[in-house]
Amino acid sequence: MAQGLATAYKELQQAFNSKTPDINKCGQLLGKLKIGLIESGLLFPQGNQNLDDLAVTRDILEMGALWSVRSKDIPSFDRYFAQLQTFYVDYNSVLPSSSREYSIQGLNLIRLLTQNRIADFHTTLESLPAEALHDNPFIKHPVNLERWLMEGSYSKVWAAREGAPAEEYKFFVDSLMGTIRNEIASCEEAAYESLPVRDAAALLFFQSHVELDQFARQRGWQINPSTETIVFAKKGEEKIELPKQKLITAALHYARELEQIV
């Protein structure tokens with residue numbers, strides 16, 4: 001590996017692994033490193049390559065994937081995850097195992113759940129070793145989330161945020177809860193005209209009135225501070241004016257015709 005790449009790699013490790021990671025610096029170093037990896041033929045390796053260089057490249061891409069989640073840049077995470085497949089699949093038998101692989105695989109599984117891509121979720125699970133599904137905390141977490149979603153156990157999904165095996169997982173769980181809240185809100189709008197603020201907050205898993213207020217404004221709900229109730233906006237309802245006079249006239253006409261027939 002070129003000296004410039006090796007130096008930038010060490011700088012990235014220091015910036016990424018520090019107690020207070022510098023997100024901007026990591027992004028700059030990752031951009032520089034990816035250009036160097038392309039020029040060195042390591043980003044898309046073919047044929048025989050130096051195994052140490054491949055291990056370093058994999059480590060850079062893994063830090064890039066985690067940096068993407070910390071930066072809340074999902075398209076960037078998708079790109080890094082796709083590039084890592086070469087190392088996780090094609091070079092899996094010749095490279096030493098990575099301590100970050102299952103963490104990143106688990107993040108990808110939760111990402112699929114947030115996009116409701118259940119078929120892709122199960123296809124990805126089938127590609128992983130069977131023991132990882134039961135023993136690896138990074139894989140068990142999204143597996144449990146998917147089961148609770150299918151059961152409708154949304155309180156367990158919410159509680160799983162605090163039990164996340166890595167800090168990056170919380171971002172995707174929050175995204176998943178956003179989808180769940182919108183589904184619950186749609187049910188509330190269909191079932192109720194209004195609800196007490198406290199009950200609405202509990203149903204939507206909000207822990208503060210500020211969060212509930214923001215969500216209510218997004219949904220077009222009205223909060224009555226005097227009665228402490230939320231009045232839901234009824235979407236898609238239309239008042240249909242019935243032509244009463246025409247209906248009465250038509251009914252009388254049919255009645256006279258029936259009398260003539262009898």
Side-chain angles (χ1 to χ4, degrees), residues 19-21 23 66 68-75 77 103 106-122 125 136-242:
K19 292 183 179 179
T20 54
I23 298 297
L66 296 173
S68 299
V69 177
R70 294 176 184 180
S71 303
K72 302 181 180 181
D73 188 343
I74 304 310
F77 173 81
S103 172
L107 285 169
N108 179 61
L109 287 170
I110 300 183
R111 180 189 66 86
L112 295 175
L113 287 179
T114 63
Q115 297 177 345
N116 201 29
R117 294 166 57 184
I118 305 302
D120 291 336
F121 176 89
H122 287 284
L125 276 183
N136 193 288
F138 296 109
I139 305 302
K140 285 175 62 178
H141 191 264
V143 168
N144 287 334
L145 285 176
E146 191 267 344
R147 185 175 76 251
W148 294 330
L149 283 172
M150 295 301 102
E151 294 173 354
S153 301
Y154 297 145
S155 59
K156 291 182 179 180
V157 176
W158 172 245
R161 185 185 188 279
E162 298 307 317
E167 192 67 25
E168 290 82 7
Y169 278 54
K170 294 182 180 181
F171 168 71
F172 283 117
V173 174
D174 288 342
S175 177
L176 196 58
M177 284 305 302
T179 302
I180 290 172
R181 284 188 177 110
N182 281 317
E183 290 183 5
I184 294 173
S186 296
C187 293
E188 288 178 342
E189 291 169 346
Y192 305 103
E193 292 184 359
S194 64
L195 271 179
V197 169
R198 181 179 298 179
D199 292 349
L203 287 170
L204 293 165
F205 303 100
F206 284 125
Q207 296 179 320
S208 72
H209 284 298
V210 174
E211 293 175 321
L212 180 61
D213 289 345
Q214 292 175 347
F215 187 81
R217 284 196 295 270
Q218 293 172 359
R219 301 285 303 191
W221 298 346
Q222 299 296 321
I223 297 180
N224 188 327
S226 60
T227 59
E228 294 189 353
T229 57
I230 289 180
V231 179
F232 299 118
K234 297 294 183 181
K235 298 179 180 179
E237 288 190 354
E238 295 182 359
K239 291 185 178 180
I240 301 175
E241 293 291 339
L242 295 176

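One is the number of the first residue; the rest follow in order along the sequence.
Across Val173 and Ile110, no two heavy atoms sit closer than the pair N-CG2, 4.4 Å. Between Ile223 and Ala216, the shortest heavy-atom distance links the atoms CD1-CB, 4.0 Å. When every heavy atom of Arg219 is checked against every heavy atom of Ser186, the shortest pair comes out as NH2-OG, 3.3 Å. Of all non-hydrogen atoms in Tyr169 and Gly106, the two that sit nearest each other are OH-CA, 3.3 Å. The two atoms that bring Phe215 and Arg181 nearest to each other are CZ-O, 3.9 Å, heavy atoms only. Ala160 approaches His141 most closely through the heavy-atom pair O-NE2, 3.2 Å.
Applying the salt bridge (Lys or Arg N to Asp or Glu O under 4.0 Å) test to every pair with at least one member in residues 153-162, sequence neighbours left out, gives these pairs: Arg161-Asp174.
With sequence neighbours left out, Glu168 forms a salt bridge (charged side-chain N to carboxylate O under 4.0 Å, His left out) with Arg70. Applying the side-chain contact (heavy atoms from CB on, under 4.5 Å) criterion to Val157, with sequence neighbours excluded, gives Leu145, Trp148, Leu149, Leu176, Met177, Ile180. Taking Asp73 as the reference, nothing meets the side-chain hydrogen bond (donor to acceptor under 3.5 Å, both in side chains) condition, with sequence neighbours excluded. Partners of Arg198 according to the side-chain contact (heavy atoms from CB on, under 4.5 Å) rule, which considers only residues two or more places apart in sequence or in another chain, do not exist here. Applying the side-chain contact (heavy atoms from CB on, under 4.5 Å) rule to Asn116 yields the partners Ile118; only residues at least two apart in sequence or on another chain are considered. By the side-chain hydrogen bond (donor to acceptor under 3.5 Å, both in side chains) test, Ser155 is found to be paired with no residue, residues two or more places apart in sequence or in another chain being considered. The side-chain hydrogen bond (donor to acceptor under 3.5 Å, both in side chains) search around Gln115 returns Arg111, Arg117, not counting sequence neighbours. Gln222 meets the side-chain contact (heavy atoms from CB on, under 4.5 Å) test with Val231; sequence neighbours excluded. Applying the ring pair (Phe, Tyr, Trp, His ring centres under 6.0 Å) rule to Phe171 yields no partners; only residues at least two apart in sequence or on another chain are considered. Listed by chain and residue number, nothing satisfies the side-chain hydrogen bond (donor to acceptor under 3.5 Å, both in side chains) test with Ser175 (two or more places apart in sequence, or in another chain).
Considering only heavy atoms from C-beta on, Ile139 comes within 4.5 Å of Leu125 through its side chain. For the pair Phe206 and Gln214, the minimum side-chain heavy-atom distance is 4.5 Å or more. Leu66 has its side chain within reach of Leu107: a pair of non-hydrogen atoms, C-beta onward, lies under 4.5 Å apart. Within the 4.5 Å cutoff, side-chain heavy atoms of Val69 are placed close to those of Phe172.
By the 6.0 Å contact criterion, NZ on Lys170 is enclosed, its count of non-hydrogen atoms from other residues, nucleotides or ligands being greater than 12.
Here Glu228 contributes atom CD and Leu195 contributes atom CG; the two are 13.5 Å apart, rounded to the nearest 0.5 Å.
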